[in-house]
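Being a predicted model, the structure only gives us computed values, none of them experimental.
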Amino acid sequence: MAATRRSAPFYMTATTQFGLEEVLAEELHQLGATIERVGQRAIEFSGDTQLLYEACLWCRTAMRILKPFAGFYARDEKALYREVGRIDWAKYIRQDQTFAITAVVNKSSFEHSLFVAQLTKDAIVDQFRNRTGQRPSVDVKSPDIRLHLHMIENEVILSLDASGESLHKRGYRQQTNVAPLNEALAAGLLLLTGWDGKKTLIDPMCGSGTILTEAAMIAQRIAPGLYHQGKFGFENWPDFDAALWESVQLDARQMRIEEPQAYLAGSDLSREYIELARQNVAAADLEDFIRLGVRDVREAKAPAKEEPGIVIMNPPYGERIGEEAQMDALYKMIGDTLKTGFQGYDAYVFTGNLEAAKRIGLKTSRRIPLYNGPIDCRLLKYELYQGTRKATRPEQG
């Protein structure tokens with residue numbers, strides 16, 4: 001139905017976290033985007049309005065989808081104010097709407113991004129006031145229109161932010177005082193493993209259940225944007241196509257598979273974490289697809305009646321001083337559990353403690369650099385062969 005409403009293609013930028021660029025580029029490609037460039041933490045691509053809506057709805061690893069609309073060179077403050085003032089802002093913001101500007105400045109004669117944002121805001125507001133006597137208000141928390149200014153070497157690109165609230169905030173988390181993986185990173189870890197949404201997936205240190213929740217959404221073909229709280233940014237744009245958006249959402253709802261596609265199970269030593277995981281899973285309406293239980297990681301083992309798949313975990317990193325011995329013991333225990341309980345599986349350990357990870361005592365077959373917030377991390381892959389590895393190889397001629 002949505003496919004009948006086509007607009008001319010235009011350029012867009014999708015932002016993500018370091019290390020997830022290729023994953024996001026593949027997600028966009030699957031939606032039909034033309035990938036123009038894979039940069040650091042950003043993908044430049046082109047497509048039509050339908051693709052813009054679908055990218056906000058379907059991209060699991062995107063943080064924001066931006067639509068560039070103006071570009072210029074600004075040598076100094078006067079040039080920036082003048083060039084911003086030349087844009088016809090009535091095309092993008094109504095005077096009864098609120099707006100906010102996020103500025104990112106690199107390698108420029110301007111030192112402070114906040115100053116650049118303030119000067120841009122002044123130029124916009126002054127234009128409205130001069131033309132109409134009225135001006136739109138600034139709302140930094142939940143504006144109707146979010147603008148993104150990117151300046152590199154004094155070259156400025158202004159974009160409309162299609163997302164609204166950051167896309168990683170799915171809306172199923174019941175408590176935000178716990179600091180687990182964000183949802184886009186959890187989905188990214190799963191997509192980096194190449195997991196097909198069908199094989200068994202076990203998380204024996206599942207915490208509040210973010211990895212398992214994202215896994216269920218992948219397996220059941222659920223668009224993460226269906227959980228998005230409040231309006232998407234593009235719903236406040238002057239050219240918003242409500243009928244097309246309704247059609248895109250309807251298509252997404254019809255894609256959902258109701259029959260469980262994979263055996264998904266998680267456990268944690270903390271009863272509080274498992275209770276929180278249950279609440280999050282229930283909020284996402286995924287109780288029928290995920291098994292949860294209280295269990296020490298040393299007692300975790302593969303389900304007897306399921307074919308081997310993947311075991312994935314994000315253990316504590318031990319960021320407090322004096323936790324080295326405790327972390328060494330924990331990571332050794334993780335290695336012992338993987339060796340004895342998950343033969344035939346591929347194991348993935350996501351950690352920001354690479355010293356303690358050496359205690360796992362298994363040879364890594366992949367080491368993928370990523371960040372969890374500011375923490376330099378690795379996704380470590382271990383192939384847990386049944387018996388010895390040599391025994392699985394064919395005889396050499």
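A cation-pi arrangement is found for Lys67 relative to Phe10, the charged atom lying closer than 6.0 Å to the ring centre and inside a 45° cone about the ring normal.
For CD1 of Ile368, the number of neighbouring non-hydrogen atoms (other residues, nucleotides, ligands) closer than 6.0 Å is greater than 12. Annotation for Lys381: atom NZ counts as buried by contact number, over 12 foreign heavy atoms lying within 6.0 Å. Atom CZ of Arg298 has 12 or fewer neighbouring heavy atoms from other residues, nucleotides or ligands inside a 6.0 Å radius.
Both Leu185 and Tyr227 are part of a single hydrophobic cluster, where members link through side-chain heavy atoms under 4.5 Å apart. One hydrophobic cluster, built from ILVMFWY side chains closer than 4.5 Å, cannot hold both Ile152 and Val156; they sit in different ones. Cluster membership for Ile145 and Leu66, using ILVMFWY side-chain heavy atoms within less than 4.5 angstrom, is not shared. At a threshold of 4.5 Å between side-chain heavy atoms, the hydrophobic network of Ile, Leu, Val, Met, Phe, Trp and Tyr places Ile334 and Val294 in one connected group. By the rule that hydrophobic residues join a cluster once side-chain heavy atoms approach within less than 4.5 Å of another member, Tyr11 and Ile65 end up as members of separate clusters.
Using a 4.0 Å cut-off between charged nitrogen and carboxylate oxygen, Lys169 and Glu165 count as a salt-bridge pair. Ion pairing between Lys332 and Asp336 holds under the 4.0 Å rule for side-chain N and carboxylate O. Ion pair Arg173/Glu183 flagged as a salt bridge, since at least one NZ, NE, NH1 or NH2 atom sits closer than 4.0 Å to an Asp/Glu carboxylate oxygen. For the pair Lys301 and Glu299, the salt-bridge criterion is not met [side-chain N within less than 4.0 Å of a carboxylate O]. Electrostatic pairing of Lys78 and Asp76 does not count as a salt bridge here, judged by no charged N lying under 4.0 Å from a carboxylate O. Using a cutoff of 4.0 Å between basic side-chain nitrogens and carboxylate oxygens, Asp88 and Arg131 are scored as salt-bridged.
The OH atom of Tyr348 sits 13.0 Å away from the CE atom of Met313 when rounded to the nearest 0.5 Å. Rounded to the nearest 0.5 angstrom, Leu250 CG and Glu246 CD are separated by 7.0 Å. Between the CZ atom of Arg291 and the CD1 atom of Ile202 there is a distance of 9.0 Å, given to the nearest 0.5 Å. Atoms CG and CE, on Leu57 and Met255 in that order, are 10.5 Å from each other to the nearest 0.5 Å. Distance check, rounded to the nearest 0.5 Å: CG of Asp203 to CG of Leu190 gives 9.0 Å. From Asn236, atom CG reaches atom CZ of Arg94 across 7.5 Å, with rounding to the nearest 0.5 Å.
Checked by atom type and distance alone, the side chain of Gln261 pairs as donor or acceptor with a backbone atom of Glu259 at under 3.5 Å. Asn154 places a side-chain N or O within donor-acceptor distance of the main-chain N or O of Ser109, the cut-off being under 3.5 Å. A donor-acceptor distance shorter than 3.5 angstrom exists from the side chain of Thr337 to the backbone of Val297, with no hydrogens or angles considered. Although no hydrogens or angles enter the test, the distance criterion places no donor-acceptor pair under 3.5 Å between the side chain of Glu355 and the main chain of Asn353. The backbone N or O of Arg366 sits nowhere less than 3.5 Å from a side-chain atom of Thr364 that would complete a donor-acceptor pair. Between the side chain of Gln343 and the backbone N or O of Tyr385 there is no donor-acceptor pair closer than 3.5 Å. Remark: side-chain polar atoms of Gln127 are paired, donor with acceptor, to backbone N or O of Gly85 under 3.5 angstrom. Between the side chain of Trp89 and the backbone N or O of Val84, at least one donor-acceptor pair lies under 3.5 Å. Remark: the backbone N or O of Val104 is not paired with any side-chain donor or acceptor of Ser113 at under 3.5 angstrom. Of the possible polar contacts, none joining the Thr200 side chain to the Tyr263 backbone as a donor-acceptor pair under 3.5 Å is found.
Under 3.5 Å, the side chains of Asp126 and Tyr81 contain a donor-acceptor pair of N or O atoms. Side-chain contact annotation: Gln17 with Asn182, donor-acceptor N/O pair under 3.5 Å present. Side chains of Glu214 and Tyr172: a donor on one and an acceptor on the other come within 3.5 Å.
Residues Thr13 and Ile43 have side chains not in contact (no heavy-atom distance under 4.5 Å, counting atoms from C-beta outward). Between Arg129 and Arg135, some side-chain heavy-atom pair lies under the 4.5 Å cut-off. Using a 4.5 Å heavy-atom cutoff, the side chains of Cys377 and Thr351 are not in contact.
Checked against a 6.0 Å centroid threshold, the rings of Trp195 and Tyr345 do not count as neighbours.
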Residues Gln50, Asp241; criterion side chain to side chain donor-acceptor pair (under 3.5 Å); working and verdict:
CA-CA 9 Å; Gln50 182 181 321; Asp241 186 335; over 6 Å; no

Run the numbers on Glu306 and Lys199 for salt bridge (charged side-chain N to carboxylate O under 4.0 Å, His left out), then give the verdict.
CA-CA 9 Å; Glu306 303 297 326; Lys199 288 187 177 137; over 6 Å; no

Yes or no on salt bridge (charged side-chain N to carboxylate O under 4.0 Å, His left out) for Asp196 and Lys198, after CA distance, side-chain angles and deciding distance?
CA-CA 5 Å; Asp196 62 359; Lys198 306 278 187 195; over 6 Å; no

Leu147 and Phe69: side-chain contact (heavy atoms from CB on, under 4.5 Å), yes or no, with the steps?
CA-CA 10 Å; Leu147 300 168; Phe69 63 89; 4.2 Å; yes

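Looking at residues two or more places apart in sequence or on another chain, you find a ring-ring contact (aromatic ring centres under 6.0 Å, His included) between Phe18 and Tyr371. In this view, Ser365 and Glu383 satisfy the side chain to side chain donor-acceptor pair (under 3.5 Å) rule, not counting sequence neighbours.
Pairs engaging residues 93-140 under the ring pair (Phe, Tyr, Trp, His ring centres under 6.0 Å) rule: none recorded [sequence neighbours left out]. Within the structure, salt bridge (Lys or Arg N to Asp or Glu O under 4.0 Å) pairs that include any residue of residues 27-37 comprise Arg37-Glu44 (at least two apart or interchain). Residue pairs meeting the side-chain hydrogen bond (donor to acceptor under 3.5 Å, both in side chains) criterion with at least one member in residues 155-164, sequence neighbours excluded, are Arg64-Asp161, Asp161-Ser163. Residue pairs meeting the side-chain hydrogen bond (donor to acceptor under 3.5 Å, both in side chains) criterion with at least one partner in residues 138-151, sequence neighbours excluded, are Thr98-Asp144.
Gly207 and Ala277 get closest at one heavy-atom pair: O-CB, 3.7 Å. Arg60 approaches Ala187 most closely through the heavy-atom pair CB-CB, 3.8 Å. Leu52 and Met12 get closest at one heavy-atom pair: CD1-SD, 3.5 Å. Between Asp268 and Cys206, the closest heavy-atom pair is OD2-N, 3.5 Å. The two atoms that bring Leu189 and Ile312 nearest to each other are CB-CD1, 4.3 Å, heavy atoms only. Closest heavy-atom contact between Leu24 and Thr15: CD2-O, 4.0 Å.
No option in Tyr53, Phe240, Trp237, Trp245 other than Trp245 meets the ring-ring contact (aromatic ring centres under 6.0 Å, His included) test with Phe232.
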